[in-house]
Amino acid sequence: LLDILACRKDPTGVSGQLLLDGKPVPDNFKCMVGYVVQDDIVVGTLSVRENFHFSAALRLPNTVSSSQRKDRVNNVGNEFIRGVSGGERKRCNIGMELIISPPVLFLDEPTTGLDASTANTVLLFLKRLSQKGRTIIFSIHQPRYSIYSLFDHLVLLSSGYTIYDGPAPEALDFFASQGFQCEEHNNPPDFFLDVINGDVSVFSIDSMPEITVEVDVGPAVSRQDRLVEGFKQSDWHKRVLEEAEAIYTQFEAQGGEKGERHEAVQYATSFGHQVCVVANRTMKDIIRHPQASLFTIGTSLVFAGITDAIYWDLEEDPVSGFKDRGGVLFFLIIIQLFFNLTALEVFIKERKIFMHENVSGFYRVSVYFLVKVIFDILPLRTVPILLMSSTIYFAVGLNPGADHFFMFVFSLLCTTLAAAGLCFFLSATVRVFAVAQLLLATGYIFMMLFGGFLINPDSIGPWLNWVQYINLFKYSLSALYINEFKDRYFCINNGTTCKSGNTYLNEQQISHQYTWDLWCNHMALLIHAAFLMLLTYVQLRRMKKTT
């Protein structure tokens, strides 16, 4: 119900008219209201003040000056945070929504995870907000009496049916009218739930004697039906209908759907501004949580050292020279593919944060996608490639020359971009990291099997020959082989026994005669990367944005 009222969920199968001050809610209504989800969703590496500034920078329009933004942050912080202990993440979530001074604030179980004292403080603060003219709507489960006494209006639901809708202080009168009397020292919310859930110890002997406990009938269902029907026949229900009819009659008199509407709400800031703000937060998160970047770089150096030790200064032998260099290149491709496993968690780890911030109007999907991709590829993909390439290429003794070295680096970069694109796509599609990891590992195994190193392409049946066109491993291996072996000669015995690299490439069925034969592999890898990135963006847009 909260999601539908806040326009965060498509009301499939639900009919009705959603009005704000007697007029239809504007398009992109999510950008003008606040919504605090049940789970605490904040970036843990940022302080409370930094989270507030992040919300203000994205959700307040450019017409609000920097000093005004700071004042807004300070006002929310001083009024809400000071003097309250515990539950900082929950209060931070609420504060981030209050930055825009929303006319309506929705909260899903705002007391979840809070101790009794903090929960009471939070609700007292929300009560003060409502007294200043702001509408506060929230769901809550079994609150203590000190919290319940703050409620103005109460709606009790059971299995989708309305049990009560009216002033909170009058709820006990309704239940009394239905034959259920609350004991003197019982907490009203506990009493309501006991009655609705069919607690056999809660019924009145003096009134409604027909309400009895019968095992074969099911007292909970019978009681719920009686309460639903009792509310429909009550004065409270008639009052709700009269109020709704008066509002809707005025709405129809003003032209209904074709009449006056609220002004459409758009994102408060531009695309470029959103990119800068989200990038700044991502940079802080990386700097304050550098373990992933440092571990990836450290691991790449370890593998580089192992490779150097095994393949140090390879000889240009016409037999072992090709085999050993092929092994080095095969191993490097495997490293690049499996190093991208860390990219699987990019969109899985922050899925809840992204969904909440996007649906709340913080930023566009394209902004989040662009920033996350850039800040993942640069520190976690590009830097390790440069370090490994510089170490391995010269230590192993691969094809000499700056042009071949830079082509080697570019080939590995294209491989990494394509592999990262596949990881991003799985990360945006699959919610469970273990499942995404299994799917990726399975795909990599098939790529290695049909990549041309473990089996000759001619040995693969025609019914599986099509796999090579979607095989990242095959394109990467072909590019590295051409760069390493084309127009080279490996000789022994003072040049009496030689074998050309072109002959070896022909044996491997790798086309190399023309310059395009090399570049077409790079083009294929980049096309795969671009296509998979596009699919990732589409998946982020299609992602169900309810939390």
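All residue numbers refer to positions in the sequence shown, counting from 1. Any value given below was found using the heavy atoms of this structure, including those in side chains, with hydrogens, waters and symmetry copies removed.
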K.L.:
Are any of the side-chain heavy atoms of Glu252 and Tyr248 separated by less than 4.5 Å?
P.N.:
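Counting from C-beta outward, Glu252 and Tyr248 do come under 4.5 Å.
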K.L.:
Which distance, rounded to the nearest 0.5 Å, do you find between the CD1 of Ile348 and the SG of Cys423?
P.N.:
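It comes to 10.0 Å.
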K.L.:
Strictly distance-based, threshold 3.5 Å: is any side-chain N or O of Ser55 a donor or acceptor partner for the main-chain N or O of Phe52?
P.N.:
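Checking the backbone N and O of Phe52 against the side chain of Ser55, no donor-acceptor pair under 3.5 Å is found.
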K.L.:
Please confirm whether the backbone N or O of Ala246 pairs with a side-chain atom of Thr249, one donor and one acceptor, at under 3.5 Å?
P.N.:
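Not a single qualifying donor-acceptor pair exists.
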K.L.:
Please work out which of the three classes, parallel, tilted or perpendicular, describes the rings of Phe54 and Phe362, given edges at 30° and 60°.
P.N.:
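Plane angle under 30°, so parallel.
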K.L.:
Could you tell me if the side chain of Thr536 sits less than 4.5 Å from the side chain of Val373, heavy atoms only?
P.N.:
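No, every pair of side-chain atoms sits at 4.5 Å or beyond.
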K.L.:
Show the numbers, then the answer: is there a side-chain contact (heavy atoms from CB on, under 4.5 Å) between Arg226 and Gln178?
P.N.:
CA-CA 9 Å; Arg226 291 178 180 274; Gln178 302 302 307; over 6 Å; no
K.L.:
Only pairs under 3.5 Å count here: list side-chain donor-acceptor contacts from residues 271-279, not counting sequence neighbours, and write none if there are none.
P.N.:
residue : atom : partner : partner atom : Å
His273  : NE2  : Ala57   : O            : 2.8
Gln274  : OE1  : Arg364  : N            : 3.0
Gln274  : OE1  : Arg364  : NH1          : 3.0
Gln274  : NE2  : Thr269  : O            : 3.3
Gln274  : NE2  : Thr269  : OG1          : 3.4

K.L.:
With Thr162, which of Val240, Val228, Leu157 fulfils side-chain contact (heavy atoms from CB on, under 4.5 Å)?
P.N.:
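The option that passes is Leu157.
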K.L.:
If we only count heavy atoms from C-beta on, is the Glu170 to Phe174 side-chain gap below 4.5 Å?
P.N.:
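Contact flag for Glu170/Phe174 side chains = no.
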K.L.:
Any ion pair linking Glu97 and Arg59 (charged N to carboxylate O, less than 4.0 Å)?
P.N.:
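Salt bridge present between Arg59 and Glu97.
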K.L.:
Do Asp3 and Tyr35 have side-chain atoms, one donor and one acceptor, less than 3.5 Å apart?
P.N.:
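The answer is yes; a qualifying pair exists.
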K.L.:
For a 4.5 angstrom cut-off between non-hydrogen side-chain atoms, does Phe175 reach Leu156?
P.N.:
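Result yes, sub-4.5 Å side-chain heavy-atom pair found.
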K.L.:
Could you walk me through whether Tyr537 and Arg541 pass side-chain contact (heavy atoms from CB on, under 4.5 Å), step by step?
P.N.:
CA-CA 6 Å; Tyr537 174 70; Arg541 290 196 63 89; 3.3 Å; yes
K.L.:
Any side-chain heavy atom of Leu105 within less than 4.5 Å of one from Val36?
P.N.:
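Heavy-atom side-chain distance check passes, below 4.5 Å.
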K.L.:
Got a second to check how far Ile136's CD1 is from Arg128's CZ, nearest 0.5 Å?
P.N.:
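The CD1 atom of Ile136 sits 11.5 Å away from the CZ atom of Arg128.
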K.L.:
Between Tyr148 and Tyr145, what is the ring plane arrangement, given parallel below 30°, perpendicular above 60°, and tilted in between?
P.N.:
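Tilted.
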K.L.:
Is it true that, when you exclude Gln131 itself, more than 12 heavy atoms of the residues, nucleotides or ligands shown sit nearer than 6.0 Å to its CD?
P.N.:
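Yes, CD of Gln131 has more than 12 neighbouring heavy atoms, counting only those of other groups under 6.0 Å.
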K.L.:
Hey, mind stepping through Phe192 and Ile163 against side-chain contact (heavy atoms from CB on, under 4.5 Å) and telling me if it holds?
P.N.:
CA-CA 10 Å; Phe192 299 152; Ile163 300 296; over 6 Å; no
K.L.:
Considering all heavy atoms of both residues, which atom of Pro102 and which atom of Arg134 are nearest to each other, and what is their separation?
P.N.:
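Minimum heavy-atom separation between Pro102 and Arg134: O-NE, 2.8 Å.
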K.L.:
Going from CG on Leu534 to CZ on Phe425, what distance comes out if it is rounded to the nearest 0.5 angstrom?
P.N.:
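One gets 10.5 Å once the value is rounded to the nearest 0.5 Å.
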K.L.:
Above 12 or not: heavy atoms from other molecules or residues under 6.0 Å from CD of Glu183?
P.N.:
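Incorrect, the count does not exceed 12.
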K.L.:
I want to check something: taking the side chain as every heavy atom from C-beta on, are Glu350 and Tyr368 in contact at a cut-off of under 4.5 Å?
P.N.:
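The answer is yes; the side chains approach within 4.5 Å.
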K.L.:
Which heavy atom in Arg144 sits nearest to a heavy atom in Asn187, and how many Å separate them?
P.N.:
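Taking every non-hydrogen atom into account, CA-ND2, 3.9 Å.
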K.L.:
Please indicate whether Phe138 has more than 12 foreign heavy atoms, meaning atoms of other residues, nucleotides or ligands, lying under 6.0 Å from its CZ.
P.N.:
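Count over threshold, so yes.
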K.L.:
Please determine which of Leu380, Asp285, Thr282 meets the side-chain contact (heavy atoms from CB on, under 4.5 Å) test together with Phe375.
P.N.:
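With Phe375 as partner, side-chain contact (heavy atoms from CB on, under 4.5 Å) holds for just one option, Thr282.
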K.L.:
Determine the minimum heavy-atom distance between Ser270 and Asn62, stating which atoms define it.
P.N.:
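Answer, listing the atom of Ser270 first, then Asn62: N-ND2, 4.4 Å.
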K.L.:
To the nearest 0.5 Å, tell me how far His153 NE2 sits from Thr135 OG1.
P.N.:
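The OG1 atom of Thr135 is 12.0 Å from NE2 of His153, to the nearest 0.5 Å.
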K.L.:
Answer whether the closest heavy-atom distance between the side chains of Leu532 and Phe424 falls below 4.5 Å.
P.N.:
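Counting from C-beta outward, Leu532 and Phe424 never come under 4.5 Å.
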K.L.:
Please check this pair: side chain of Asp376 against backbone of Lys372, looking for a donor-acceptor N/O pair closer than 3.5 Å.
P.N.:
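Answer holds: no.
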K.L.:
Taking Ala343's backbone N and O only, do any of them form a donor-acceptor pair with Asn340's side chain (distance below 3.5 Å, no angle check)?
P.N.:
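Side chain of Asn340 to backbone of Ala343, a donor-acceptor pair under 3.5 Å: no, none is there.
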K.L.:
Any donor-acceptor pair under 3.5 Å linking the side chain of Ser139 with the backbone of Glu109?
P.N.:
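Yes: the side chain of Ser139 pairs with the backbone of Glu109.
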K.L.:
Looking just at side-chain N and O atoms, do Arg381 and Thr342 make a donor-acceptor pair shorter than 3.5 Å?
P.N.:
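Side chains of Arg381 and Thr342: pair found under 3.5 Å.
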K.L.:
Is it true that atom NZ of Lys70 has more than 12 heavy atoms of other residues, nucleotides or ligands lying nearer than 6.0 Å?
P.N.:
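12 or below, so no.
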K.L.:
Would you say Ser234's side chain and Phe231's backbone share a donor-acceptor pair under 3.5 angstrom?
P.N.:
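Side chain of Ser234 to backbone of Phe231, a donor-acceptor pair under 3.5 Å: yes, one is there.
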K.L.:
Determine whether a donor-acceptor pair (N or O, by modelled atom type, separation under 3.5 Å) exists between the side chain of Tyr164 and the backbone of Pro167.
P.N.:
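Judged by distance alone, yes, a pair lies under 3.5 Å.
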K.L.:
What distance separates Phe369 CZ from Ile374 CD1, expressed to the nearest 0.5 Å?
P.N.:
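One gets 9.5 Å once the value is rounded to the nearest 0.5 Å.
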K.L.:
Would you say CZ of Phe338 has more than 12 non-hydrogen atoms from neighbouring residues, nucleotides or ligands within 6.0 angstrom?
P.N.:
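Atom CZ in Phe338 is crowded, with more than 12 foreign heavy atoms closer than 6.0 Å.
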K.L.:
From Arg8 CZ over to Ser360 OG, what is the distance, rounded to the nearest 0.5 angstrom?
P.N.:
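It is 4.5 Å, given to the nearest 0.5 Å.
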K.L.:
Over all heavy atoms of both residues, which pair between Arg351 and Ser427 is shortest? Give the atoms and the distance, please.
P.N.:
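Reported closest heavy-atom pair: NH2-O, 3.1 Å.
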K.L.:
Just so I know, are the side chains of Phe354 and Val365 near enough to count as touching, which here means a heavy-atom distance under 4.5 Å?
P.N.:
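Side chain of Phe354 against side chain of Val365, heavy atoms only: contact under 4.5 Å found.
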K.L.:
Would you please test Thr416 and Phe339 for side-chain contact (heavy atoms from CB on, under 4.5 Å) and show each step?
P.N.:
CA-CA 9 Å; Thr416 294; Phe339 264 15; over 6 Å; no
K.L.:
Step by step, would you call Arg223 with Asn197 a side chain to side chain donor-acceptor pair (under 3.5 Å)?
P.N.:
CA-CA 8 Å; Arg223 184 176 295 178; Asn197 292 331; over 6 Å; no
K.L.:
Would you call Arg239 and Asp165 a salt bridge, taking side-chain N to carboxylate O under 4.0 Å as the test?
P.N.:
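Salt bridge between Arg239 and Asp165, a charged N being under 4.0 Å from a carboxylate O: no.
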K.L.:
Please give me the minimum heavy-atom distance between Leu58 and Ala268, naming the atom from each residue.
P.N.:
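In this case the closest contact between Leu58 and Ala268 is O-CB, 3.8 Å.
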K.L.:
Restricting to non-hydrogen atoms, name the atom on Leu107 and the atom on Leu2 that form the minimum distance, rounded to 0.1 Å.
P.N.:
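Heavy atoms only, the tightest pair is O-CD1, 3.4 Å.
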